[in-house]
Asks: 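Here it is, the structure in full.
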Amino acid sequence: MQNLQGIFMVQTANKNAIPVAKKLLECLYEISGKKIITGQHTQTVPMEEINFIKSITGKEPKLRGFELLSYSPNINYAESDSECLIEVEENKNTVEQALKWASESSGILTFTFHWFSPLGGKGKSFYSKNTDFDAERILVKGTEERKKFFSDMDSIAEILKKFSNVPILWRPFHESYGDWFWWGAKGPVVAGKLYELMFDYYTNVHKLNNLLWVWNSDVKEAYPGDDKVDVVSIDVYRPEYEPTDYSAEYFKLCEGSSKNKVCALAEVGYIPDVSILERTHIPWAYYMTWSKEFCIGEKYNTKESLLKMYESPYAVTL
């Protein structure tokens, strides 16, 4: 079946993207509608989710997600509860793990950043309920919010530069259609403008030419534009399991972002049903299951569903 999105000229948003980043984007377009890349998020050094999948299927996901939350410059250790401190501690050194994995495998890297608010906040201050940081103030030149925003971006840019020859599916300001993170608390349009600021700064100032830019929202008025986006994506956490190819979410995403971009399920609770995908060919390039209990155990995904996906010729594994 022909890719539902049609045929496109593949052009990276960053015209100076390194060859391997361009090659990865071409690969995503080529796979889209023909197969789906398996993916799994990890947020701890042991990456226990990968071991669990391998123990069940004998295979590993092609795409692996890493978390940067512990690299946030403004973590308020003094006013954080044990849950927050444990999560930060567990996440330390994931960058080194990502570098090691990238050097030893042919897998695909994607980064998630639960960014502790650049100013103020306590506990898990990436949640808007834990900080009074005003994202809209970043858009006003001369403000302390803007200064700290750019300072934090500088710090994270230095981490991303360690991967200068490794393509990264970079997904900043995720789930900006909601107000639960500080970057979405003032609405998705503000989050879209923050994304544009970062794209310009990382592309033109820091020259991070290894990044492929993943937009994570289906709110049309917030979309930064095709010239700043490589992949459009959505996160889907359904309240209960039902076999699905997430077709409804696919068409809503295309309408709410761009019909000219390759699409991804950036986070899911339940993995898509591969037997349905084999029939419908809904062109998701990849999916990424969230970490811990979303993968390990059978609260969300059964061993049978994992085996079904990883044994299917439609699935791309490592």
Asks: Would you check, one step at a time, whether the test side chain to side chain donor-acceptor pair (under 3.5 Å) holds for Ser257 with Lys220?
Replies: CA-CA 5 Å; Ser257 56; Lys220 188 66 175 178; over 6 Å; no
Asks: Testing the basics here: between Arg171 and Thr112, what is the closest heavy-atom pair and its distance to 0.1 Å?
Replies: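 Result for this residue pair: NH2-OG1, 2.9 Å.
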Asks: Identify whether Val189 and Trp183 are in the same connected component of the hydrophobic contact network (ILVMFWY, side-chain heavy atoms under 4.5 Å).
Replies: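 Per the 4.5 Å side-chain linkage, Val189 and Trp183 are not co-clustered.
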Asks: Check Tyr29 against Val262 and note the closest heavy-atom contact, atom names and distance.
Replies: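 That closest heavy-atom pairing would be OH-N, 3.4 Å.
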Asks: Classify the ring geometry between Tyr195 and Phe199 as parallel (under 30°), tilted (30 to 60°) or perpendicular (over 60°).
Replies: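 Correct class here is parallel.
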Asks: Please identify each residue that fulfils side chain to side chain contact (heavy atoms under 4.5 Å, CB included) with Asp81, with sequence neighbours left out.
Replies: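 Here the qualifying residues are Glu83, Cys84.
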Asks: Show which side-chain atoms of residues 135-144 pair as donor or acceptor with protein atoms under 3.5 Å away, not counting sequence neighbours.
Replies:
from, atom 1, to, atom 2, distance (Å)
Thr143, OG1, Arg137, O, 2.8
Thr143, OG1, Val140, O, 3.0
Thr143, OG1, Arg146, N, 3.1

Asks: With side-chain contact (heavy atoms from CB on, under 4.5 Å) as the test, would you mind laying out the steps for Val231 and Leu169 before giving the verdict?
Replies: CA-CA 9 Å; Val231 178; Leu169 290 163; 4.3 Å; yes
Asks: Is it true that a side-chain atom of Thr289 and a backbone atom of Gln40 form a donor plus acceptor pair closer than 3.5 Å?
Replies: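 A pair under 3.5 Å: no.
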Asks: Only distances under 3.5 Å count here; give the side-chain donor-acceptor pairs of residues 160-168 to other protein atoms, sequence neighbours excluded, each with its distance to 0.1 Å.
Replies:
from, atom 1, to, atom 2, distance (Å)
Lys161, NZ, Glu158, OE2, 3.1
Lys161, NZ, His206, ND1, 3.0

Asks: Report yes or no: do Lys122 and Ser80 form a side-chain donor-acceptor pair below 3.5 Å?
Replies: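 No.
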Asks: Going by the rule ring pair (Phe, Tyr, Trp, His ring centres under 6.0 Å), which residues pair with Phe116 if we only count those two or more places apart in sequence or in a different chain?
Replies: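 With neighbours one apart ignored, the set is Phe126.
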Asks: For Asp200, does its backbone N or O pair with a side-chain atom of Thr203 as donor and acceptor, under 3.5 Å?
Replies: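 The answer is no, because no donor-acceptor pair under 3.5 Å joins these two groups.
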Asks: Among Tyr237, Tyr270, Phe52, which residue satisfies the ring pair (Phe, Tyr, Trp, His ring centres under 6.0 Å) criterion with Phe294?
Replies: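 Of the listed options, the one satisfying the test is Tyr237.
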Asks: Search all heavy atoms of Ile36 against all heavy atoms of Pro272 and return the closest pair with its distance.
Replies: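 Answer, listing the atom of Ile36 first, then Pro272: CD1-CG, 4.3 Å.
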Asks: In this structure, would Ile296 and Leu307 fall into the same cluster of hydrophobic residues linked by side-chain contacts under 4.5 Å?
Replies: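 Both belong to a single hydrophobic cluster.
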Asks: Would you give the length of the straight line joining atom CG of Leu212 to atom CG of Leu28, rounded to the nearest 0.5 angstrom?
Replies: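 Here the rounded value is 7.0 Å.
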Asks: Are Lys35 and Glu30 ion-paired here, with the side-chain N under 4.0 Å from a carboxylate O?
Replies: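 Salt bridge absent between Lys35 and Glu30.
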Asks: Please give me the minimum heavy-atom distance between Val214 and Pro172, naming the atom from each residue.
Replies: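 Distance-wise, the nearest heavy atoms are O-CD, 4.0 Å.
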Asks: Does Asp134 come within less than 4.0 Å of Lys186, counting only side-chain N to carboxylate O?
Replies: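 Yes.
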Asks: Take Ile108 and Ile37, measure what side-chain contact (heavy atoms from CB on, under 4.5 Å) needs, and give me the verdict at the end.
Replies: CA-CA 9 Å; Ile108 300 168; Ile37 294 169; 3.8 Å; yes
Asks: Hey, is the main chain of Val45 close enough, under 3.5 Å, to the side chain of Gln97 for a donor-acceptor pair?
Replies: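 Yes, the answer is positive, given that a donor and an acceptor are paired below the 3.5 Å cut-off.
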Asks: Going by distance alone, is a donor N or O of one side chain under 3.5 Å from an acceptor N or O of the other, for Ser117 and Thr131?
Replies: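 Side-chain D/A pair, Ser117 to Thr131: present.
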Asks: Closest approach of Leu68 and Phe113, non-hydrogen atoms and distance?
Replies: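 What the structure gives for the nearest pair is O-CE1, 3.5 Å.
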Asks: Hey, do the aromatic rings of Tyr241 and Tyr300 have their centres closer than 6.0 Å?
Replies: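 Tyr241 vs Tyr300: aromatic centres not under 6.0 Å.
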Asks: Please enumerate all residues that pass ring pair (Phe, Tyr, Trp, His ring centres under 6.0 Å) together with His41, with sequence neighbours excluded.
Replies: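 Once residues adjacent in sequence are excluded, the partners of His41 under the ring pair (Phe, Tyr, Trp, His ring centres under 6.0 Å) criterion are Trp290.
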Asks: Is Tyr177 reaching over with its side chain to a backbone N or O of Ile234, donor-acceptor style, under 3.5 angstrom?
Replies: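 Looks like no, no N/O pair under 3.5 Å.
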Asks: Run the side chain to side chain contact (heavy atoms under 4.5 Å, CB included) test against Pro188 and tell me which residues pass, sequence neighbours left out.
Replies: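 Side chain to side chain contact (heavy atoms under 4.5 Å, CB included) list for Pro188, sorted by chain: Val219, Ala222.
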Asks: Within the 3.5 Å criterion, strictly below it, is a donor on Tyr223 or Asp226 matched to an acceptor on the partner's side chain?
Replies: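 Note: Tyr223 and Asp226 side chains meet the donor-acceptor criterion.
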Asks: Check step by step if side-chain contact (heavy atoms from CB on, under 4.5 Å) holds for Val88 and Leu85.
Replies: CA-CA 5 Å; Val88 169; Leu85 295 175; 5.7 Å; no
Asks: Nearest 0.5 Å, please: how far is CZ in Phe173 from CD in Glu196?
Replies: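 Going from the CD atom of Glu196 to the CZ atom of Phe173 covers 11.0 Å.
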Asks: Could you walk me through whether Asn91 and Thr44 pass side-chain contact (heavy atoms from CB on, under 4.5 Å), step by step?
Replies: CA-CA 5 Å; Asn91 183 240; Thr44 64; over 6 Å; no
Asks: Counting only N and O atoms by type, is there a donor-acceptor contact under 3.5 Å from the side chain of Ser105 to the main-chain atoms of Ala102?
Replies: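 Absent.
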Asks: For Asp245 and Tyr250, which I'm curious about, is there any donor-acceptor pair between the side chains at under 3.5 Å?
Replies: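 Result is no, nothing qualifies.
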Asks: Do the side chain of Ser233 and the main chain of Trp215 share a donor and acceptor less than 3.5 angstrom apart?
Replies: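 Yes; judged by distance alone, with no hydrogens or angles, the pair exists.
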Asks: Would you mind checking if Lys92 and Glu89 are paired as a salt bridge, meaning a charged N to carboxylate O distance below 4.0 Å?
Replies: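 Answer for the salt bridge query: yes.
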Asks: If you count heavy atoms of other groups shown closer than 6.0 angstrom to CD of Glu221, is the number above 12?
Replies: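 Above 12, so yes.
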Asks: Could you list the donor-acceptor pairs under 3.5 angstrom formed between side-chain atoms of residues 12-26 and any protein atom two or more places apart in sequence or on another chain?
Replies:
from, atom 1, to, atom 2, distance (Å)
Thr12, OG1, Asn14, O, 2.8
Asn14, OD1, Asn16, N, 2.9
Asn14, ND2, Asn209, OD1, 2.9

Asks: Taking Thr57 for the side chain and Ile53 for the main chain, is one N or O donor matched with an acceptor at less than 3.5 Å?
Replies: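 Looks like yes, one N/O pair under 3.5 Å.
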Asks: So, Asp230 side chain and Trp213 main chain: donor-acceptor pair closer than 3.5 Å or not?
Replies: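 Checked: pair present.
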Asks: For residues 59-79, pull every pair meeting salt bridge (Lys or Arg N to Asp or Glu O under 4.0 Å), keeping only residues two or more places apart or in separate chains.
Replies: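 Found Lys54-Glu60, Glu60-Arg64.
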Asks: List the atom pairs, with distances to 0.1 Å, where a side-chain N or O of residues 311-318 and a protein N or O form a donor-acceptor pair under 3.5 Å, not counting sequence neighbours.
Replies:
from, atom 1, to, atom 2, distance (Å)
Ser312, OG, Glu278, OE2, 2.6
Ser312, OG, Tyr314, N, 3.0

Asks: So, for Pro224 and Gly192, which heavy atoms are closest and what is the spacing to 0.1 Å?
Replies: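 Smallest interatomic distance, heavy atoms only, reads CG-O, 4.4 Å.
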Asks: Any sub-3.5 Å donor-acceptor pair from Thr42's side-chain atoms to Gly65's backbone N or O?
Replies: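 Confirmed, Thr42 side chain pairs with Gly65 backbone.
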Asks: How long is the gap from CG on Leu277 to OH on Tyr287, to the nearest 0.5 Å?
Replies: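 Answer rounded to 0.5 Å: 10.0 Å.
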Asks: How would you list, by chain and number, every residue that makes a ring pair (Phe, Tyr, Trp, His ring centres under 6.0 Å) with Tyr127, sequence neighbours excluded?
Replies: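 In terms of ring pair (Phe, Tyr, Trp, His ring centres under 6.0 Å), with neighbours along the sequence ignored, Tyr127 is linked to Phe181.
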Asks: Linking I/L/V/M/F/W/Y whenever any side-chain heavy atoms sit under 4.5 Å apart, do Tyr310 and Ile276 land together?
Replies: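 Per the 4.5 Å side-chain linkage, Tyr310 and Ile276 are not co-clustered.
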Asks: Taking salt bridge (Lys or Arg N to Asp or Glu O under 4.0 Å) as the cut-off, I'd like each qualifying pair that reaches into residues 285-307, sequence neighbours left out, listed once.
Replies: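 Every pair satisfying salt bridge (Lys or Arg N to Asp or Glu O under 4.0 Å) with a residue in residues 285-307: Glu90-Lys292.
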Asks: Would you find more than 12 non-hydrogen atoms of other residues, nucleotides or ligands less than 6.0 Å from Lys228 atom NZ?
Replies: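 Yes.
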Asks: Are the side chain of Tyr71 and the backbone of Asn93 linked by a donor-acceptor contact shorter than 3.5 Å?
Replies: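 Indeed, once roles are kept as given, a pair shorter than 3.5 Å links the two residues.
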Asks: According to ring pair (Phe, Tyr, Trp, His ring centres under 6.0 Å), who are the partners of Trp182, at least two apart in sequence or on a separate chain?
Replies: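 If we apply the ring pair (Phe, Tyr, Trp, His ring centres under 6.0 Å) test to Trp182, skipping adjacent residues, the hits are Trp115, Phe133.
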